Every structure is written in structure tokens, then in C-alpha cells.
Amino acid sequence: MSTQADAGQPDENTYSFADIEARWPAEWDRLQPFKPADDGSRERRYVLDMFPYPSGDLHMGHAEAFAMGDVVARYYRQQGFDVLHPIGWDSFGLPAENAAIQRNAHPSEWTYTNIETQANSFRRYAISVDWSRRLHTSDPGYYQWTQWLFLRFFEKGLAYRKDSPVNWCPKDQTVLANEQVVNGACERCGTPVTKKSLNQWYFKITDYADRLLDDMDQLRGHWPERVLAMQRNWIGRSEGAHVDFVIEETDGKPAQSVPVFTTRPDTLHGATFFVVAADAPLALDLVTESHRAELEDYRDGIKSLSEIERQSTEREKTGVFTGRWAINPLNGEKLPVWAADYVLADYGTGAIMAVPAHDQRDLDFAKAFDLPVRMVVDTGAEDPAVSGIATTGDGTLVNSGELDGLGKDEAIARAINLVAEHGTGEHTVNYRLRDWLLSRQRFWGTPIPIIHCAMCGEVPVPDDQLPVTLPEDLRGGDLSPKGTSPLAAVEDWVNVPCPQCAGPAKRDTDTMDTFVDSSWYFLRFASPDTTDAPFDTDAVNRWLPVGQYVGGVEHAILHLLYSRFFTKVLYDLGLIGFTEPFSALLNQGQVLNGGKAMSKSLGNGVDLSQQLDKFGVDAIRLTMVFASPPEDDVDWADVSPSGSSKFLARAWRLGQDVTSAPDVDPTTGDRALRSVTHRTVADSAALLQGNKFNVVIARVMELVNATRKAIDSGVGGADPAVREATEAVAIILSLFAPYTAEDLWNRLGHPASVATAGWPIVDETLLVQDTVVAVVQVQGKVRDRLEVSPDITEDALRELALASEQIQKTLDGRGIRTVIVRAPKLVNIVPE
RNA sequence: GCCCGAAUGGCGGAAUUGGCAGACGCGCUGCACUCAAAAUGCAGUAUCGAAAGAUGUGUGGGUUCAAGUCCCACUUCGGGCACCA
């Protein structure tokens with residue numbers, strides 16, 4: 001398209017996005033239309049986009065996500081809300097560290113350069129944020145409060161250290177939380193994860209499992225169902241029982257009681273062996289001396305496997321006998337105790353009773369080691385001992401003593417009662433969710449504010465000594481991953497006096513997972529300049545919960561689960577007055593190219609800044625939003641930014657043809673066009689409530705078409721209705737194409753900014769049409785259309801329909817069985 | 001294997017409580033303007049058929065005066081989880 005008049009001279013009658021983009025930013029900076037008043041004069045609304053990680057410049061994905069969030073923020077502003085719409089950066093993390101190693105620099109250089117680049121791009125992209133609230137999680141003024149919050153968790157026993165086999169990424173040389181392992185590989189770099197036994201910091205998120213689950217009731221209907229489903233699965237609540245099995249005294253090893261978790265206590269009589277997780281300390285504890293060597297060999301073998309290999313369900317079952325025997329508390333049977341890797345150390349109790357007839361994994365193991373199989377629930381299917389297929393359905397209990405004859409559910413209840421009476425078990429709930437491993441052996445993160453003292457143990461850094469800042473003189477190779485934190489090598493940073501006894505002590509040298517930083521940033525935005533607390537409680541309670549949160553589905557579990565957890569803890573600490581941080585969630589889709597995610601390796605990336613240079617900000621924003629419903633993916637190969645550009649020019653040109661004065665009375669204008677305008681405004685509001693942004697744009701296009709028609713071949717540009725329509729176009733367009741809308745508004749003779757012009761007031765009387773088209777069907781097929789008054793009676797419409805020539809022709813003399821009338825829209829005639 | 005979600009023209013997509021399927025846009029075709037082009041405007045564009053008309057929302061059944069929409073069974077695609085006892 002041409003953006004300049006042919007003579008090379010800017011022509012004020014030709015739409016030029018470059019001219020328009022140059023005209024308005026300074027004016028917006030002067031007017032500050034996006035700063036919330038926060039004076040209680042208007043209802044508050046908090047709209048938030050997931051804050052970006054500063055990896056280079058903005059890309060197409062940012063452009064889509066932030067276009068969506070901005071529509072919401074701008075809409076609420078037009079509706080008269082006091083809108084908080086802030087921006088910040090999630091600026092700690094590995095990429096900065098890796099870049100620093102390559103460039104022999106400090107991670108902050110790369111980080112803050114990228115932030116500046118992105119901030120400039122966001123300004124050009126005209127997102128309507130309050131820049132004065134900008135924050136970065138890597139600023140000491142921010143991470144001071146991340147540390148402060150960590151200490152509050154620590155005081156409540158919600159942050160603790162333990163030895164445990166943890167996920168280890170050999171490439172990044174750091175541990176990973178369970179949530180950061182995807183299909184056995186590192187979420188960040190794709191390297192297969194291995195296990196390593198380490199002493200690490202954890203947040204006790206499992207204490208909140210039930211509340212994380214139950215409080216999802218508040219979110220149902222406002223969050224995507226699939227995100228709720230993913231969180232539900234991740235928490236993985238399952239009802240069952242703990243049953244204690246006594247391990248007999250053998251070869252001088254004393255008897256000891258070991259609990260198992262089972263969801264099927266009804267099958268207790270079907271237990272034929274007992275398995276402990278081979279990699280759990282319990283296995284080493286139990287094993288007899290004569291079997292110890294064998295177990296240790298087996299454990300070494302497991303360690304060499306990657307998590308992907310280990311978790312494969314295809315793999316043959318393996319294990320070793322421990323030399324011990326467990327007593328079944330219900331029938332006194334002696335069961336051999338095995339150690340195997342198909343039992344997980346950190347789920348349930350790390351030990352199971354094996355019921356091969358009714359659990360496929362146990363059956364596979366029984367077959368591999370020739371252990372007995374005893375069916376105790378007759379489901380009508382073939383005996384699993386013969387078929388090799390474990391049965392899990394309902395049936396009648398057999399071979400089960402006093403449980404015989406009961407159904408599955410009754411037997412579960414009865415079995416729990418029985419073990420409870422014996423004092424060897426109880427009903428219990430188990431979760432798949434594990435505690436959140438938060439330590440990282442890397443540099444560019446929030447230092448853990450704990451000092452280790454030989455005398456006093458784990459000593460918190462006193463609040464008044466926060467923040468514990470990162471040393472600034474580390475460069476390049478100082479940061480290279482070595483499996484221990486780079487901070488450990490900085491002697492004068494590590495060695496400090498113990499705050500309690502003043503004796504020699506050492507700082508904790510790990511840093512926090514960056515998801516800790518992002519678990520509370522939405523609170524900080526309410527009062528970003530607070531210096532004596534992480535946030536001002538009153539300000540937080542005024543603005544939060546976030547009314548609309550916008551971001552990608554890749555955070556369905558990680559960030560969103562952690563933030564929900566933090567919010568509940570802070571509520572319990574009395575720091576905030578609500579339990580869920582995000583009332584509504586919108587997951588925008590991805591931007592693809594040719595059906596695939598854009599990536600360097602595929603060479604199908606589209607550069608955002610080039611697109612902006614070519615088509616302009618507004619055309620790109622409009623294209624993103626118009627292409628599909630917000631939650632669907634946009635394939636850049638299928639869309640037309642030039643089409644958007646054409647439409648924007650068309651809308652903008654309406655301004656040239658409006659010849660009435662800005663203060664003209666619209667009620668004297670053409671009723672037909674006014675009716676279209678008011679219907680568009682009314683419908684757009686309803687569509688925006690439902691996040692159907694793409695449809696709103698379609699409706700504005702219709703309004704532009706109708707207005708153009710009125711100017712060229714209708715009432716003409718002087719009609720007040722044309723002005724009213726064009727003003728409505730400018731206001732609705734201000735949500736999607738801020739530059740064009742502002743310029744159009746200006747050409748209509750109004751002062752900036754259109755962003756705060758206010759949503760047009762709908763005249764209800766204009767929504768009522770003079771006549772409507774009633775459809776007349778014969779046997780469900782449309783045969784005629786009648787123009788009728790909208791308040792026609794059923795009888796009158798029936799008469800009219802039956803009188804229609806078309807209808808009589810179609811009926812062709814047949815009698816009439818029924819006539820269904822839905823005045824004024826439809827008549828359906830059913831012939832004999 | 002289990003759990004979600006989706007399927008509508010050449011393409012992206014629209015369709016209050018079941019009530020005119022295909023809004024709006026892209027693409028394509030034709031026309032006007034032009035020496036020509038670009039830009040712009042106008043018209044057409046589900047399929048079959050010359051037409052009348054018939055068919056048509058992944059497949060097969062069902063409910064209903066009426067089904068893209070509700071019910072049952074299935075197919076395909078996308079996503080999540082997956083040795084979780």
C-alpha cells in the first residue's frame with residue numbers, strides 16, 4: 001500500500017500510519033490517560049498481562065498477548081472504570097546468566113539492556129499502561145521483599161530444607177521443581193533429567209493441596225476449564241487408606257511397622273507381596289545383610305537411567321528381594337518384601353501392598369518374578385492369573401474372609417473399618433502434588449536469606465539487613481555452571497558472622513527459583529514504591545484480586561498454581577484479604593506460521609518490528625485480534641495485515657466526509673443509520689464482556705460500511721447521524737487501533753484522548769426496529785418471508801402466513817396439521 | 001491408557017434460550033476509474049443444477065413442528081497427564 005502521496009509530499013487526506021504514529025505519543029505522555037486516579041471516585045478494575053521475560057526484543061507472541069490485554073483495559077476505561085493496567089519484567093533467570101558467560105559480562109547488563117529495548121517497543125505498540133508502576137524482579141528494591149516473604153514462610157514452617165532425590169538438569173547444572181520437568185526432560189532446555197540426592201529448600205505447598213483444589217470453585221466459569229482440569233490433575237487428590245504392615249524380625253533386623261497407601265483396601269486379601277521404592281532410604285533400612293549387596297547394585301543401576309527411561313511403562317518390571325517378610329494385618333499372611341523402581345519414593349509412603357489380580361503393574365511384576373496371583377474381586381472377567389489382565393472394576397468379593405459377598409464400595413468401607421478397629425490403618429487422602437523445590441544452584445536469582453551457623457543452625461537474615469544483594473563483580477567464567485552455586489566461590493560474600501551468636505557462619509549460596517519472584521508481583525503493582533513492606537495492604541485490598549488476567553496456557557500449572565499458593569499463605573498471614581489472586585483468566589493462543597510454532601530451527605520466524613514497519617502498529621494489533629477468538633492460535637500465513645490496513649484507512653477516511661459541527665444534535669439525524677450505530681455499540685459491549693473481540697471488529701466493519709454508504713449514496717456527510725456513527729467508530733476502534741482512533745477523533749474536532757472519551761450511551765428506542773422479517777416455513781423449510789411489525793400478534797402473523805401465495809403454492813392443496821407461531825420471527829406450517 | 005477441548009465454504013471465522021447456516025474479513029472473478037498500473041469504488045463468490053429445485057455444519061443413529069446447537073454411539077485432530085498404588 002502507498003503511505004506517501006506520489007509527489008513524496010505528505011498529503012493530509014491520505015492515510016499514513018507513519019504520520020499518525022508520530023503525532024500522538026507525546027500528547028499521550030502529556031495527558032497520562034492511563035494512570036489510575038485511585039481516589040474512589042470510580043469503580044476500580046485491575047487488568048494484568050503476564051509480565052514478560054526480557055529475552056531480546058518483543059516478538060509476535062507478545063504482540064498478540066498484549067493486544068488482547070489492552071483491549072480489555074481500554075474497554076473498561078471507556079466504560080468509566082478506574083483501571084490499573086501495569087507492566088513489569090520477570091528479569092531474573094538463566095538466559096541472562098548464559099549470555100553473561102558468553103560475553104564475559106554481568107547478567108544485569110544483558111537483562112537491563114533488553115528491558116529497555118522491550119519497554120521502547122511496548123511504547124511504540126501503544127499498550128495503555130501506567131509506566132510509573134513499572135517494576136523488575138531483579139531490582140534489589142523488589143527482591144528484598146521476595147526475601148522478606150521467604151522469611152515469613154520460613155517462620156511459619158512453610159519453607160524448610162530436606163534431603164531428597166531431586167530432579168537434576170545436567171546441562172543447566174541445577175535442580176528443577178517437579179513442575180519444571182516435562183516428559184522427563186528439563187522444561188527450559190530439553191535435556192533429559194536425572195536424579196540426584198541433595199539437601200534443598202522447599203515450600204510446603206502440599207499443606208495447601210485441599211484449599212488449592214476447593215477454591216477452584218471460585219474460579220469455575222471465569223477460568224478456562226482446561227486450566228482448572230490441569231491443576232486438578234496435578235494436585236491429584238485420591239481417597240484411600242493407610243494400612244500398617246509389620247515387617248517381621250529377620251536375621252537380627254528388628255520388626256518394624258511400615259504404612260502403605262492404597263485406594264483399594266477392599267483387595268487386602270489379594271495382596272501376595274509387598275514392594276518398597278528401591279531408591280528410598282527405607283529400602284536400605286529394611287534389607288538384610290545377605291541381600292544388601294544385591295540391592296545396592298540395583299540402586300546404582302537405577303541411577304544411571306534417565307527419567308524418561310525410568311518412567312517408560314513399556315519397560316520390563318525389575319526389582320530385588322530384600323530378605324524380609326511383611327504381615328498382612330487382616331489375615332496374618334506373610335508376604336515377601338521386594339524393592340523395585342516401579343514404586344515411587346515420593347508418592348504415598350514409598351511402599352505398597354501388591355495386589356496383582358487387580359493392578360496391572362503388580363501383575364506384570366508378579367509374572368516377571370513368578371509370584372502368586374489371587375483374585376479377590378469377581379468382576380465376571382477371566383481370572384487375571386490366567387488372562388494376564390488385571391481387573392479393576394466393580395464385582396463381588398471372594399477369598400476375602402468376612403468381606404466375601406460384598407460389592408467393591410461396601411468392601412472398601414468395611415475394610416477401612418476393620419483395620420481401624422485393629423489400630424492398623426485409617427481412611428486417608430493422598431495427593432500427587434509434591435512440595436515445591438525452590439533452590440537453584442545458579443547466580444542470577446534472589447539469594448536465599450539464610451545464614452548457616454555451626455552453632456545455631458539455619459539462621460534467618462534479620463529483616464533490617466535485607467536485601468541480601470548479589471555481588472556485582474562476577475563476570476563471564478565466574479558464573480559458569482559447576483553444580484554448586486557460583487556464589488559459593490565468592491569468599492567475602494559467603495563468610496559472615498552469625499546474626500545470633502556472632503560466630504563464623506556462611507550464607508546460603510543457592511538462589512530462588514524465578515517462579516518465586518513471579519508469585520507475588522501482581523501484589524506489588526498496587527503500591528510499587530512502598531519501601532517498608534512488600535506492598536501496602538490497603539492498596540492491595542483496593543485493587544485486587546486481578547479482575548482479568550491474560551497470558552499463555554504454558555503457565556497453566558507452574559506460575560498460576562504457585563501464585564494461588566502464595567496468595568493463600570499471605571491471606572493466612574493477614575497481609576491480604578482475599579484467597580484467589582486472579583478472578584478471571586484469559587489464555588490467548590499462540591502465533592504460528594504455516595501451522596507451526598515460529599522457531600529459529602524451522603526458519604519460519606516472523607520479525608515483529610519488520611511487520612510494524614511495514615503495516616503499522618494498528619494494523620498488526622487489529623490483525624492479531626480479528627484473526628480468531630482470543631484463545632485460538634493465529635496462523636500468520638492465513639491472515640492479512642494489509643487487509644487490516646485497508647480497513648483502518650477506510651474508517652479514518654470517514655472523518656474527511658463528516659461535515660457537521662462537533663456539537664450537532666444527533667437526534668435530528670437519519671434514523672436508519674442511528675439505529676445501526678446504536679445496535680453496534682450495544683452489541684459490542686455484550687461481545688466484549690464475553691471476550692469475543694474478533695466479532696466486535698466485524699461489527700465495526702459493518703458500521704463503517706453502513707456509514708460510507710450513507711455518505712456516498714444516502715443522507716450525505718452533513719447528516720448528524722453520520723457524525724454520530726463516525727464518533728462511535730473512533731471510540732470502539734480505540735480499543736484495537738489506538739493511533740488511528742485518536743487521529744480520527746481529532747479530525748472530528750475533539751480534543752485528545754479518545755481513550756477516555758467514554759463509551760457511547762445507547763438509546764434503547766433506536767434498538768427497536770420498525771419492521772422485522774418473519775420467516776414462514778413449511779415443514780421446517782423456508783418458503784416465504786414477510787415484513788411485519790415487531791409487535792404483531794400470533795394470530796395476525798398466522799393469518800398472514802397462511803394467506804401467502806408462496807405458501808399456498810407449496811402446500812398445494814394439502815391440509816394443515818399444525819401451525820407453530822413464534823411472533824414476530826417465525827411461522828412453521830406442518831402439512832398433513 | 002486416563003482426562004479435557006475441537007471439527008462449519010478455497011482460507012480465518014460468525015450464528016441470544018433449539019428458530020433464515022455461512023455475518024465480517026482474506027482470497028478469487030468481473031466491472032468502473034486509468035494510456036497502463038497501483039490505490040479506490042461497485043457487483044459476484046457453499047455444493048450440484050441451464051433452470052425449477054435439491055443437498056449441505058466430521059460419521060451413524062435419535063429427540064423435536066424445527067438441530068451447527070440437545071441425547072446416544074463412533075471417527076479424526078489438538079492439548080494435558082501418565083508405573084501416582
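Chain identifiers are assigned alphabetically (A, B, ...) following the order of the sequence lines, protein sequences preceding nucleic acid strands; residue numbering begins at 1 within each chain. Please read these numbers as outputs of a predicted model, since none were measured by experiment.
Rounded to an integer number of Å, the gap from CD of A:Gln360 to P of B:rC2 is 13 Å. Whole-Å rounding puts the A:Arg783 CZ to B:rA54 P distance at 5 Å. When rounded to the nearest whole Å, the span between CG of A:Leu592 and C1' of B:rG79 equals 13 Å. Taking atom CG of A:Leu703 as the reference point, atom C1' of B:rA23 lies 15 Å away to the nearest angstrom. B:rC65 atom P lies 20 Å from atom CG of A:Leu797, rounded to whole Å. Distance A:Asp635 CG to B:rG13 C1': 14 Å, rounded to the nearest Å. Between A:Glu794 atom CD and B:rG19 atom P the separation is 17 Å, expressed in whole Å. Across the protein-nucleic acid pair, A:Trp234 atom CH2 and B:rG80 atom C1' stand 10 Å apart, rounded to whole Å.
Looking at heavy-atom distances under 4.0 Å, A:Asn694 makes contact with sugar-phosphate atoms alone, never a base. Within 4.0 Å (heavy atoms only), A:Arg434 reaches at least one base atom of the nucleic acid. At the heavy-atom level, A:Pro629 lies under 4.0 Å from the strands shown only through sugar-phosphate atoms. No contact: A:Gln779 has no heavy atom under 4.0 Å from any strand.
B:rC2 and B:rA82 have their C1' atoms separated by 8 Å, given to the nearest Å. Taking atom P on both B:rC71 and B:rG25, the two are 34 Å apart, rounded to the nearest angstrom. The same atom, P, is picked in B:rG49 and in B:rG10; the two are 15 Å apart, to the nearest Å. Using atom P as the reference point in both B:rG60 and B:rU69, the two lie 13 Å apart (nearest Å). Here the separation of B:rA66 from B:rC77, taken at their P atoms, is 35 Å to the nearest Å. Nucleotides B:rA7 and B:rG58, compared at atom C1', are 6 Å apart to the nearest Å. Taking the C1' atom of each, B:rA50 and B:rU64 are spaced 38 Å apart, rounded to whole Å.
Under the side chain to side chain contact (heavy atoms under 4.5 Å, CB included) criterion, A:Ala229 pairs with A:Arg232, not counting sequence neighbours. For A:Arg264, the side-chain hydrogen bond (donor to acceptor under 3.5 Å, both in side chains) test picks out A:Asp266, with sequence neighbours left out. Under the rule for a side chain to side chain contact (heavy atoms under 4.5 Å, CB included), the partners of A:Arg432 that lie at least two apart in sequence or sit in another chain are A:Trp234, A:Tyr347. Shown here are the side-chain hydrogen bond (donor to acceptor under 3.5 Å, both in side chains) partners of A:Glu805, two or more places apart in sequence or in another chain: there are none. Residues satisfying the ring pair (Phe, Tyr, Trp, His ring centres under 6.0 Å) test with A:Trp338, not counting sequence neighbours, are A:Phe321, A:Phe365, A:Phe369. A:Asp394 is linked by a salt bridge (Lys or Arg N to Asp or Glu O under 4.0 Å) to nothing, counting only residues two or more places apart in sequence or in another chain. Residues satisfying the side-chain hydrogen bond (donor to acceptor under 3.5 Å, both in side chains) test with A:His222, not counting sequence neighbours, are none. Under the salt bridge (Lys or Arg N to Asp or Glu O under 4.0 Å) criterion, A:Glu554 pairs with no residue at all, not counting sequence neighbours. In this structure A:Pro824 satisfies the side chain to side chain contact (heavy atoms under 4.5 Å, CB included) test together with A:Val772, A:Val788, A:Ile792, sequence neighbours excluded.
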Pick out the pairs of N or O atoms, protein on one side and nucleotides 24-32 of chain B on the other, that lie under 3.5 Å.
unit_1	atom_1	unit_2	atom_2	d
B:rG25	OP1	A:Asn705	ND2	3.2

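Atom NZ of A:Lys709 is surrounded by 12 or fewer heavy atoms from other residues, nucleotides or ligands within 6.0 Å.
The base of B:rC81 is not paired with the side chain of A:Asn233 by any donor and acceptor separated by under 3.5 Å. No donor-acceptor contact under 3.5 Å links the side chain of A:Arg232 to the base of B:rC3.
The CG atom of A:Leu733 sits 7.0 Å away from the CG atom of A:Leu622 when rounded to the nearest 0.5 Å. Between the CZ atom in A:Arg708 and the CZ atom in A:Arg653 there is a gap of 6.5 Å [rounded to 0.5 Å].
The side chain of A:Arg226 places no N or O atom within less than 4.0 Å of a non-bridging phosphate oxygen (OP1 or OP2) of B:rC81. For the OP1/OP2 pair of B:rA15 and a distance below 4.0 Å, the side-chain nitrogens and oxygens of A:Lys692 include at least one atom meeting the criterion.
Syn is the conformation of B:rG9, whose glycosidic angle sits no further than 90° from 0.
Listed candidates were B:rC20, B:rA85, B:rC81. Nearest to the side chain of A:Leu344 is B:rA85. Distances were taken from every side-chain heavy atom of A:Lys709 (C-beta onward) to each of B:rC83, B:rA43, B:rC20; the shortest belongs to B:rA43. For A:Arg432, the side-chain atoms get nearest to B:rC81 when compared with the rest of B:rA85, B:rC81, B:rC83.
In the model, A:His358 has no side-chain atom that pairs as donor or acceptor with a side-chain atom of A:Thr392 under 3.5 Å.
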A:Tyr15/A:Thr740 under side-chain hydrogen bond (donor to acceptor under 3.5 Å, both in side chains): CA gap, chis, key distance, verdict: CA-CA 9 Å; A:Tyr15 177 80; A:Thr740 307; 2.7 Å; yes
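Within residues 817-825 of chain A, the residues that have a heavy atom under 4.0 Å from RNA chain B are, in order of number, A:Ile820, A:Arg822.
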Bracket string, RNA chain B, 5' to 3' - pairs by Watson-Crick or G-U geometry under 3.5 Å, | interstrand: (((((((..(((......[....)))((((((.......))))))(((....)))..(((((..]....))))))))))))....
